[in-house]
Number of protein chains: 2
Amino acid sequence: MNEVEKFLEDQKVRPTAMRILIYKYMAQKKIAVALTDIENAFTKSDRTTLYRTLKTFEENGIVHQIDDGTGISKYALCENGCNCEIEQDLHLHFHCSNCNETVCLTEHKIPHINLPEGYLAEDVNLVVKGICEKCSGQ
Amino acid sequence: MNEVEKFLEDQKVRPTAMRILIYKYMAQKKIAVALTDIENAFTKSDRTTLYRTLKTFEENGIVHQIDDGTGISKYALCENGCNCEIEQDLHLHFHCSNCNETVCLTEHKIPHINLPEGYLAEDVNLVVKGICEKCSGQ
DNA sequence: CAATAAATGCACTTCCATTGCACTAATTAT
DNA sequence: ATAATTAGTGCAATGGAAGTGCATTTATTG
Ligand SMILES: [Mn+2]
Ligand SMILES: [Mn+2]
Ligand SMILES: [Zn+2]
Ligand SMILES: [Zn+2]
């Protein structure tokens, strides 16, 4: 049993052929992917399967869903040992308005946000839109 | 000519009956509203008109659109003399997972975000999800 | 008053997320 | 090993919200 399979099992996800492929696909990408991206990469499989795979991955802490403001959900693998649910471990996301790519800036944690009296924070989403390194470089 | 009419004209928006009503509706609300909210409040008017009114308002600095992560666009009146476009004037938004309401926290400006070399920020969206003052109070 | 421009209403489209249900593959119990 | 059960997959359909084309009405201007 290879490494990916073992990892999925550790996360309580059965390592089916499709799941292994999707995992590897995401691992090799440096940017966040949309369901449609995966769909285009695996035309043999059905959209529903891919959709539910992402949900399963998300529920088991393998990927996190990213709302980058485009209206299209993106997904990216979680960092090794990341705790996305915990406020202290949330990082910021960057969406490039030129190439339309979204990246995790995992090094850039979301600062603590002060709220007015009576407000309780459960989750924070911080998205910066602009020009990415690749696009500004030329 | 009353105050609302004058204000709309100042913003280069023709003060039609519908626009005045929508403006007053939003002014009296303390929370951000969705197109559907306005639709329900003005069943006599058509969704398209309301939709385009919001766009017109937005283009002329009367309202700002809010992406609170629910997938449904919300709108709120801009503060007097606010400059939503400018990064320094961006405030944070709070979405209550209990009552599902979204509010502008206009006092809480978005802190400056450091980005890696090569990244250029054009816009920042910061949304905190949790329990609002009203809902935590009981 | 006529000509022009702006605003409105209706119908329709698009896009993505999501679900129900049938079918197949894998796991567990007998 | 075979049957029973559970999990995964595929197809078809639905739903919600944003957005557009065009005809009609209303307001503005010459
Ligand atoms: Mn991320
Ligand atoms: Mn606001
Ligand atoms: Zn880019
Ligand atoms: Zn609330």
Side-chain angles (χ1 to χ4, degrees), chain A residues 1 4-6 8-25 32-60 62-76 95 100 102 125, chain B residues 1 4-6 8-25 32-60 62-76 95 100 102 125:
Chain A
M1 177 177 346
V4 174
E5 279 184 60
K6 187 185 286 294
L8 292 179
E9 291 208 333
D10 285 352
Q11 305 291 320
K12 314 284 182 222
V13 169
R14 290 226 175 92
T16 68
M18 221 35 240
R19 287 172 176 173
I20 294 169
L21 285 172
I22 294 174
Y23 182 88
K24 285 181 176 168
Y25 172 78
V33 297
L35 175 54
T36 306
D37 298 328
I38 302 179
E39 208 184 349
N40 292 335
F42 299 102
T43 49
K44 303 295 161 58
S45 185
D46 185 76
R47 178 180 187 85
T48 314
T49 303
L50 306 172
Y51 172 77
R52 291 200 256 237
T53 298
L54 287 172
K55 289 291 165 218
T56 303
F57 279 7
E58 193 190 359
E59 284 161 13
N60 292 281
I62 297 170
V63 305
H64 58 280
Q65 189 176 12
I66 301 164
D67 174 6
D68 62 9
T70 60
I72 298 164
S73 287
K74 305 284 166 61
Y75 300 84
H95 174 72
N100 202 34
T102 298
N125 187 31
Chain B
M1 174 174 353
V4 174
E5 280 184 61
K6 187 186 285 295
L8 292 179
E9 291 207 332
D10 285 353
Q11 305 290 320
K12 314 282 183 223
V13 169
R14 291 227 176 90
T16 69
M18 221 35 240
R19 287 171 175 174
I20 294 170
L21 284 173
I22 294 174
Y23 182 89
K24 286 181 177 168
Y25 172 78
V33 297
L35 176 54
T36 307
D37 297 329
I38 301 179
E39 208 186 347
N40 292 334
F42 299 102
T43 48
K44 304 293 161 59
S45 185
D46 185 76
R47 178 181 188 83
T48 314
T49 303
L50 306 172
Y51 171 77
R52 290 201 255 236
T53 298
L54 286 172
K55 289 291 165 218
T56 303
F57 279 6
E58 192 189 359
E59 283 161 11
N60 292 281
I62 297 170
V63 306
H64 59 279
Q65 191 175 12
I66 303 164
D67 174 6
D68 62 8
T70 60
I72 298 164
S73 287
K74 306 283 166 63
Y75 301 85
H95 174 72
N100 202 35
T102 298
N125 186 31

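Every value quoted in this text rests on a predicted model; they were computed, and no experiment measured them. To find a chain, count down the sequence lines: A is the first, B the second, and so on, and within it residues start at 1.
- For the pair A:Asp67 (side chain) and A:Gly69 (backbone), a donor-acceptor distance under 3.5 Å is present.
- Rounded to an integer number of Å, the gap from CD of B:Glu39 to P of D:dG16 is 12 Å.
- Protein atom CD1 of A:Ile20 is 15 Å distant from nucleotide atom C1' of C:dA25, rounded to whole Å.
- Listed for the B:Asp37 side chain is a donor-acceptor partner under 3.5 Å among the backbone atoms of B:Ala34.
- For A:Glu59 and D:dA7, the CD to P distance is 13 Å, given to the nearest whole Å.
- Between the CD atom of B:Glu58 and the P atom of D:dA18 there is a distance of 12 Å, given to the nearest Å.
- A 4.5 Å side-chain heavy-atom check between A:His95 and A:Ile66 finds every atom pair outside the cut-off.
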Could I get a table of every N or O pair under 3.5 Å where one atom is in the protein and the other is in nucleotides 8-12 of chain D?
| from | atom 1 | to | atom 2 | distance (Å) |
| --- | --- | --- | --- | --- |
| D:dG8 | OP1 | A:Arg19 | NH1 | 2.6 |
| D:dG8 | OP1 | A:Arg19 | NH2 | 3.2 |
| D:dT9 | OP1 | A:Thr16 | OG1 | 3.0 |
| D:dG10 | OP2 | A:Ser45 | OG | 3.0 |
| D:dG10 | OP2 | A:Asp46 | N | 3.4 |
| D:dG10 | OP2 | A:Thr49 | OG1 | 2.9 |
| D:dG10 | O6 | A:Arg52 | NH2 | 2.5 |
| D:dC11 | N4 | A:Thr48 | OG1 | 3.1 |

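- Side-chain N/O atoms of B:Tyr51 include none lying less than 4.0 angstrom from OP1 or OP2 on D:dA18.
- Separating the CZ atom of A:Arg47 from the C1' atom of C:dG20 is a distance of 17 Å, rounded to the nearest angstrom.
- A search for ring-ring contact (aromatic ring centres under 6.0 Å, His included) contacts involving A:Tyr25 returns A:Phe42, not counting sequence neighbours.
- Per the geometry, CG belonging to A:Asp68 stands 14 Å off C1' belonging to C:dC16, to the nearest Å.
- Residue B:Ile72 contributes atom CD1, which lies 18 Å from atom P of C:dC16 at whole-angstrom precision.
- When rounded to the nearest whole Å, the span between CG of B:Asp37 and P of D:dA17 equals 10 Å.
- Counting heavy atoms from C-beta outward, A:Asp10 and A:Lys6 have side chains that approach closer than 4.5 Å.
- The backbone N or O of A:Thr53 lies less than 3.5 Å from no partner atom in the side chain of A:Arg19, so there is not a single donor-acceptor pair.
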